[in-house]
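Only one structure is covered here, and it is reproduced in the block below.
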There are 2 protein chains.
Amino acid sequence: MNILEKINLQITTFSKSERKVAEVIIDNPEQAIHSSIATLAKIADVSEPTVNRFCRRLDTKGFPDFKLHLAQGLANGTPYVNRHVDESDGPEEYTAKIFESTMASLNSARKSIDISQVNRAVDILTQAKKISFFGLGASASVAQDALNKFFRFNVPVNCFEDIVMQRMNCMNSSEGDVVMLFSHTGRTKQLVEIAEIARQNDATVIGVTSKDSPLAKECNICLSPDVPEDTDLYMPMASRIAQLVIIDVLATGFTLRRGPKFRDNLKKVKDSLRPSRFDKRD
Amino acid sequence: MNILEKINLQITTFSKSERKVAEVIIDNPEQAIHSSIATLAKIADVSEPTVNRFCRRLDTKGFPDFKLHLAQGLANGTPYVNRHVDESDGPEEYTAKIFESTMASLNSARKSIDISQVNRAVDILTQAKKISFFGLGASASVAQDALNKFFRFNVPVNCFEDIVMQRMNCMNSSEGDVVMLFSHTGRTKQLVEIAEIARQNDATVIGVTSKDSPLAKECNICLSPDVPEDTDLYMPMASRIAQLVIIDVLATGFTLRRGPKFRDNLKKVKDSLRPSRFDKRD
DNA sequence: CAGTTTATTGTAATTAAACTACATAGGTCT
DNA sequence: AGACCTATGTAGTTTAATTACAATAAACTG
């Protein structure tokens, strides 16, 4: 936990002098990390050992250690203790908050993702006869994005927004086909059905969805980024970004697995776009 | 800049002993921040002043200051100095690297984004008669995502992947219409033309693209996230995520501007999805 | 309400860490 | 090979941090 938040949380339990120290630090943490214990003590109008005791109370080894923790807290650019957007936020605040909460989500997604599942997913994808990407609602654009990435790999891919087309696609699938499904909640009935149909037809189903959800249970492989809380104003934001980064990861794993020759091919695809672009020197 | 990257960048300019220090720190930065100058000197098998000189060479005030910088670097969760995926990376490495480079990109995007432009964009969007979202290639799914967000706001929106449809849409636009364009490079000829057409027909053009690009010059408002380098295996990854977060920011600004009643409406939209979902207790 | 106890804070001494000045070793260029 | 310069280490100095202890303030008890 961020040590600034911790101070805020525990401030009531502090003694009078310790509270003085806490206030000085909260008020200007930047100054705090660049001060010696003596100067900080003077600013807070307390003695040096008081500052030291304050540090220990926050489970740090001492003043220098405390400064380290504080520096880490500041580095994340989180002067906002509460990262949720609220009514009174101006553009500056909500912009910062959304960026920060997105970054925080990615961080926790990274920590929670099961690498062995990533590896298995890459295995399956590299060997796929055909890959289909499906998502509904907000996840449709995630599927679209996946299509775009894997399309460049010169593998048969498709992606339908239409639920009927999705069903038909799964009906016609066979062993070696991969169906990749995106859903934040993992509770959309239609998508769970799609997964069932796909598996009945021997396709491999890879889900990017939340752990232990109905959809997750239908998948052969499930990638479940743990995104603690969404900033959402009634729609998933951060979790969807996490899904996209997972696609990036899989695409990267894919290209690495395919080896250097394959990457030369990719370069050709990219170069083929050149005639449609303005020159750099413009 | 992250001090670890800085070390890596400057490592060639270091002397033999200083390089020893650099290697020890890169190898295990966590250990470094919890060591005294004496222990670190011993680990690197150099003298204390060498460590001190090393710190100063990196433009820090001294060893404690250096540790502070290092701690801040680590806090961002970037133990990988070299964030580019390379051949020999296993799943664990490339997963971590991609997540981290995405987070780093978001961080720099956040710092570089012009808040006044964000505010103007929100102004324009809230007053729009109609909003069109266009992108080509990889940016098509970004436009799709934007559509999905703003669609819920009960504003007339559209989004075409087809370049001809896009052109026709812009031909028919008039004052009060907003055209929002997504492009990483800002050099795709067809999209620049779209911007020209839209402006000729009195639409307001908002671009999410790189600074000073041909496209940027055609826009009324331009949001240019500064994404330093892409991890790309020949396609934009991080920059596209930054674009999506910008959409989140604009959507959030939009709802905040519209006030609380409007948010009740949003909740209704969300609740309308319930019958199509499995229950939480499943 | 006085006396006792306990928690809180500060003073002074100690220890540890960081830094500076200087000396020596190693390398380079003429 | 000798002079010079850079790089590195040693020892001493300064500064910062910590500890032990004393004093004060607050709280509690008879």
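Every chain is numbered from 1 and lettered A, B, ... according to where its sequence line falls, protein lines coming before strand lines. Values below: every heavy atom of this structure, side chains too, minus hydrogens, waters and symmetry copies. This structure is a prediction, so every number in the text was calculated from the model and none was measured.
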Name the residue from D248(B), V142(B), D145(B) that meets the side-chain contact (heavy atoms from CB on, under 4.5 Å) definition with Q243(B).
V142(B)
Between the protein and nucleotides 6-9 of chain D, list every N/O to N/O distance that falls short of 3.5 Å.
{"unit_1": "dT8(D)", "atom_1": "OP1", "unit_2": "S17(B)", "atom_2": "N", "d": "2.9"}
{"unit_1": "dT8(D)", "atom_1": "OP1", "unit_2": "S17(B)", "atom_2": "OG", "d": "2.8"}
{"unit_1": "dT8(D)", "atom_1": "OP2", "unit_2": "S15(B)", "atom_2": "OG", "d": "2.1"}
{"unit_1": "dT8(D)", "atom_1": "O5'", "unit_2": "S17(B)", "atom_2": "OG", "d": "3.0"}
{"unit_1": "dG9(D)", "atom_1": "OP2", "unit_2": "S47(B)", "atom_2": "N", "d": "2.9"}
{"unit_1": "dG9(D)", "atom_1": "OP2", "unit_2": "S47(B)", "atom_2": "OG", "d": "3.3"}
{"unit_1": "dG9(D)", "atom_1": "OP2", "unit_2": "T50(B)", "atom_2": "OG1", "d": "3.1"}
{"unit_1": "dG9(D)", "atom_1": "N7", "unit_2": "R53(B)", "atom_2": "NH2", "d": "3.1"}

Ignoring backbone atoms, test whether N52(A) places a side-chain nitrogen or oxygen under 4.0 Å from the OP1 or OP2 oxygen of dT18(D).
yes
Expressed as a whole number of angstroms, how long is the span from H34(B):NE2 to dA17(C):C1'?
16 Å
Looking only at heavy atoms, what is the nearest atom pair of P29(B) and L70(B), with distance?
O-CD2, 4.0 Å
Rounded off to whole Å, could you give me the NZ-to-C1' distance for the K42(A) and dG10(C) pair?
15 Å
What is the distance, to the nearest angstrom, from the CG atom on D65(A) to the P atom on dA16(D)?
19 Å
F14(A) CZ to dA7(C) P, straight-line distance once rounded to whole Å
18 Å
Scan residues 53-62 of chain B for pairs that pass salt bridge (Lys or Arg N to Asp or Glu O under 4.0 Å), counting only residues two or more places apart or in two chains.
K6(B)-D59(B), E18(B)-R57(B)
Rounded to whole angstroms, how far apart are CD1 on I37(A) and C1' on dG10(C)?
13 Å
List the steps, then state whether side chain to side chain donor-acceptor pair (under 3.5 Å) holds for T60(A) with H69(A).
CA-CA 8 Å; T60(A) 62; H69(A) 280 267; over 6 Å; no
Nearest heavy-atom neighbours spanning L106(B) and F99(A):
O-CD2, 3.5 Å
Distance in angstrom units between R56(B) CZ and dT20(C) C1', rounded:
9 Å
Apply the test ring-ring contact (aromatic ring centres under 6.0 Å, His included) to residues F54(B) and F63(B): give CA-CA distance (whole Å), side-chain angles for both, the deciding distance (0.1 Å), then the verdict.
CA-CA 9 Å; F54(B) 167 83; F63(B) 185 67; 9.3 Å; no
Without decimals, in angstroms, what is the distance between F66(B) CZ and dA18(C) P?
12 Å
